Amino acid sequence: MIWIMVSERRLSDARTVDLGEDATMFGAKAINRHAALMNRMGEELGLDLNEALADGTLPVETWRGAVVRCTGCSDPEDCQRWLADHAETGAEEAPGYCRNRGLMESLRAVAARREGAEK
């Protein structure tokens with residue numbers, strides 16, 4: 001799981017990304033909440049966002065921007081319900097209202113091309 005850390009604290013089992021000034025603007029609680037929603041969205045779509053960050057498919061700056069976009073969502077509770085509804089079955093695409101739907105589609109396309117190349 002990817003966590004946006006807004007302090008010097010590190011988690012041993014998580015990749016950390018410093019959000020810098022954005023953390024001050026949005027607040028640590030909101031940033032971490034939306035980072036968690038983004039992680040779950042990736043999981044439901046069959047994406048490994050940790051791997052994408054590690055291999056450069058998802059640049060850190062893109063991840064930061066995506067989390068900030070997510071904090072602008074007017075109804076994160078609806079997102080939580082959507083995630084709960086898809087927890088067992090997964091999903092082919094992010095919901096239409098997701099501010100990061102295009103990013104998720106791009107990451108899925110890259111993953112599909114890689115999977116096809118490995119066969």
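What you see is a predicted model, and the numbers here were worked out from it, not measured in a lab. For this chain, numbers begin at 1 and follow the sequence in order.
Side-chain atoms of R64 and V60, non-hydrogen and from C-beta on, do get closer than 4.5 Å to each other. The shortest distance between side-chain heavy atoms of M41 and L103 does not fall below 4.5 Å.
Annotation: ring pair (Phe, Tyr, Trp, His ring centres under 6.0 Å) contacts involving residues 66-93, sequence neighbours excluded, comprise W82-H86.
L45 and L53 end up in the same hydrophobic cluster when Ile, Leu, Val, Met, Phe, Trp and Tyr side chains are linked at under 4.5 Å. Tracing side-chain contacts under 4.5 Å through hydrophobic residues (I, L, V, M, F, W, Y), one never reaches V110 starting from M104; they form parts of separate clusters.
Listed here is the closest heavy atom pair of L47 and A111: CD2-CB, 4.4 Å. Considering every non-hydrogen atom in both I31 and V67, the closest pair reads O-CG1, 3.9 Å.
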Quiz: residues 88-100 side-chain donor-acceptor pairs under 3.5 angstrom, not counting sequence neighbours:
residue, atom, partner, partner atom, Å
E92, OE1, R108, NH2, 3.0
E93, OE1, R101, NH2, 3.0
E93, OE2, R101, NH2, 3.0
Y97, OH, D78, O, 3.4
Y97, OH, D78, OD2, 3.4
R99, NE, G72, O, 3.4
R99, NH2, G72, O, 3.0
N100, OD1, R69, NE, 2.8
N100, OD1, R69, NH2, 2.8
N100, ND2, A66, O, 2.9

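Rounding to the nearest 0.5 Å gives a distance of 10.5 Å between CE of M38 and OG1 of T71. N50 contributes atom CG, which lies 8.5 Å from atom CH2 of W63 (distance to the nearest 0.5 angstrom).
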